[in-house]
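Here's the structure, in structure tokens; my notes come after.
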Number of protein chains: 2
Amino acid sequence: MTNIQEIAQRAGVSPSTASRALSGRGYVSEEKKQRVLTAAAELDYAPNLNAVSLKTGSTRRIGLVAPRFTEPLSLFTTGLVHSAEENGYTVTLFMTGLNAAKEVEALEALRRKQVDALVFVMFQSDLSLIADYVKYGPIVCWQRVIHEAIPSVFMNQYDGYMLALEHLYERGYRRICNVYGATQRLNTQSRMEAFADFCRKYDLDPLACPSFENRDTARDGEQIVRWWLENGRPADAFACTNDWVASGIIAEARRLGLRVPEDFAVCGFDNLDFAPLLDLTTIHYPVDEQASNAFAIIRSRIEDIELPTHPPRFRLVERLTT
Amino acid sequence: MTNIQEIAQRAGVSPSTASRALSGRGYVSEEKKQRVLTAAAELDYAPNLNAVSLKTGSTRRIGLVAPRFTEPLSLFTTGLVHSAEENGYTVTLFMTGLNAAKEVEALEALRRKQVDALVFVMFQSDLSLIADYVKYGPIVCWQRVIHEAIPSVFMNQYDGYMLALEHLYERGYRRICNVYGATQRLNTQSRMEAFADFCRKYDLDPLACPSFENRDTARDGEQIVRWWLENGRPADAFACTNDWVASGIIAEARRLGLRVPEDFAVCGFDNLDFAPLLDLTTIHYPVDEQASNAFAIIRSRIEDIELPTHPPRFRLVERLTT
DNA sequence: TTACCGTATGACATCGATTTCAGGTCAACC
DNA sequence: GGTTGACCTGAAATCGATGTCATACGGTAA
């Protein structure tokens, strides 16, 4: 438990001077500085960060608030930690399980100065509730959010989805079945707009093939294949909300002896780790870049630095399922 | 920035009394307690956790030290955060990328009292180096470790691997090809022992079929299929170090028109998320239970509580690849 | 010569809590 | 009546750093 006072004593200086020598801020003669440094080394000194945080008011710690940290959030987590550590910050996790009360706990942690800032990945709470806490520190969302106090690193999924649709069109598919995620998400709505525009552009009938909504899992994908068989094979391609649904479709197709892309094409979204295993064509979603942008925004608010954030881009990854 | 002094002032008591009223420790008359509580509510008081940590010497924060937080570590992370939050602890991440210098940074964070304890998931550093830091707080490893100061939540992979081997034997496979991971890991050595014992038990020739070592990725799996084809199909089953390798084998087999399990069986290890998609038979590795045990150990050291930890078990998950 | 600035240093206040200590009241018990 | 102990309270010390302020020295510009 050696503290800065002991260092000062051993070096024969005041604690103020010891602090200056250790931190490099302010004037210290070279001689005393060396004395302090050697004293610190001899006594195996390490500053108590709680004291530093208390005094300076900054913890150099940011909170990541998410329902869980498994796929696809682990990529975001890893990216955020990476950016944070590069800048001498550390990341503390708050797991909500999409429970609003737990989200408030994370916000309270900000208020209690356990962290300097928060990154919200998905949340239930009212935006106005969250906005009440920005007075305690910057809050950034990875989700499209319309609020002047809360920046977001959202990417317009319109662009990404259009990439998928154009690709399918180019490959000759005309009866595209959309498999959307939760309809209340703005992301889903953007994709629907993309599809509408796509149909207009190529003069296709938007209702030629039914769409699915609120589908998220591999199991959903499997069901869709059976639906497809039982309903006269009404589509020649599936544009999926994510790689899980796409994988479910492919897996079930294989089980039933169908061939992809001959019987139908499948395009995923996210480019998850396992996509190459299934040779899945998908839209790469640069999650790590978004994490690093989220951190950049926070940093710019805390340290008042201007940071040019180059916008991440969706990218088509062509494999063998289209 | 309302602090406890303001509360005390508004309630007409001393800070000591306010602290007692708020924390519930020590004697306070019911009347003053109420006065303090209402004052706190009116002024929207929230304690500064840095001050609390400084004074009490405990942060109720533990550090998770891992090379990254993507699969399969995201499950461990999620599990650890879950257990921690249940007990009023929070988890801070330290990403090492298997870099020893970064591991020291995490250890230093413990020394500097940024966290109360550490969980090491995989590491490079010498055990003795890590052991030097246990004087600053408990350290637990998720890895087999032989050191009296550092408990570990390791599971003997001998048992898990034997489960896989017995299953393959039962299904009639006799020419089993082992695909091992890094040979310097004790886990791998345990598996090799399991295989030796297995051969003895059923009177099989351990060298009947060559083994692979230091294989970890899906790409490695793909190569192994080509090797198998080019070398006269010397195995009828693959027992894999993890699901990634197994997936690579399955994916490549499909591309080459081979059939699983008719041409050869494949058994994975870990039971990752995507295993069901490939209908992969695998050994379920209860990662989340291990995380919760890791936390239990830490808690028992910090709070001096006896916690019965029931040992997690490997489990065979039969699907269609064996 | 005076004024001023850069360098150097230590005393002391400060961040915001907790906790010890000493003192005080009041009832119960011997 | 005196002792004991439970209950209650606030002054002050404490955790371990940082930062302000006053003071001082020496050199340079006016």
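Below, read A as the first sequence line, B as the second, and so on, with proteins coming before strands; counting in each chain starts at 1. On a predicted model such as this, the values are computed, not experimentally measured, just so you know.
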Inset, instruction - Indicate whether OP1 or OP2 belonging to C/dA8 is found under 4.0 Å from a side-chain N or O atom of A/Tyr27. - result: no

Inset, instruction - Could you tell me whether A/Arg35 and A/Glu31 have a side-chain N and a carboxylate O separated by less than 4.0 Å? - result: yes

Inset, instruction - Could you tell me whether the phosphate oxygens of D/dG16, OP1 or OP2, come under 4.0 Å of any side-chain nitrogen or oxygen in B/Lys113? - result: no

Inset, instruction - Find the distance B/Gln5:CD to C/dT18:P and express it as a whole number of Å. - result: 11 Å

Inset, instruction - Nearest whole angstrom, please: distance from the P of D/dC15 to the CD of B/Gln114. - result: 22 Å

Inset, instruction - Nearest whole angstrom, please: distance from the P of C/dC15 to the CG of A/Leu54. - result: 9 Å

Inset, instruction - Would you indicate which nucleotide in C/dT18, D/dG19, C/dT9 comes nearest to any side-chain atom of A/Lys55? - result: D/dG19

Inset, instruction - By nearest nucleotide on DNA chain C, pick out whichever of B/Ala51 and A/Ser14 is the more 5' one. - result: A/Ser14

Legend entry - N/O (side chain, B/Ser19) to phosphate O (OP1/OP2, C/dT18) under 4.0 Å: yes

Inset, instruction - Determine the contact category for A/Ser16: base if any of its heavy atoms lies under 4.0 Å from a base atom, sugar-phosphate if only primed atoms, P, OP1 or OP2 are that close, otherwise nothing. - result: base

Inset, instruction - Return the nearest nucleotide to the side chain of A/Ser29; candidates are D/dG10, C/dT18, C/dA8. - result: C/dA8

Inset, instruction - Would you kindly give the NZ-to-C1' distance between A/Lys33 and C/dT9, to the nearest whole Å? - result: 16 Å

Inset, instruction - Select from A/Arg20 and A/Asn50 the residue whose nearest nucleotide in DNA chain D is closer to the 5' end of that strand. - result: A/Asn50

Legend entry - Side chain of B/Val13 (C-beta onward), nearest among D/dA17, C/dG10, D/dG10: D/dG10

Inset, instruction - To the nearest Å, give me how far apart CZ (A/Arg25) and P (C/dT7) are. - result: 18 Å

Legend entry - Minimum-distance nucleotide to A/Val28 side chain [options: C/dC15, D/dT9, C/dT9]: C/dT9

Legend entry - Interatomic distance, A/Leu49 CG vs C/dC15 C1' [rounded to whole Å]: 15 Å

Legend entry - Under 4.0 angstrom between A/Thr56 side-chain N/O and D/dA17 OP1 or OP2: no

Inset, instruction - Quick one: do B/Val28 and B/Thr17 satisfy side-chain contact (heavy atoms from CB on, under 4.5 Å)? Show the steps, please. - result: CA-CA 7 Å; B/Val28 191; B/Thr17 304; 3.9 Å; yes

Legend entry - Side-chain touch B/Gln143/B/Ser152, heavy atoms, less than 4.5 angstrom: no

Legend entry - Atom pair distance, as rounded to whole Å: CZ in A/Arg112 and C1' in C/dT18: 16 Å

Legend entry - Ring geometry between B/Tyr285 and B/Trp142 (parallel below 30°, tilted from 30 to 60°, perpendicular above 60°): tilted

Legend entry - Spacing between A/Tyr45 atom OH and D/dG16 atom P, to the nearest angstrom: 10 Å

Inset, instruction - Please step through side-chain contact (heavy atoms from CB on, under 4.5 Å) for the pair A/Leu64 and A/Thr92, ending with a clear verdict. - result: CA-CA 6 Å; A/Leu64 172 57; A/Thr92 295; over 6 Å; no

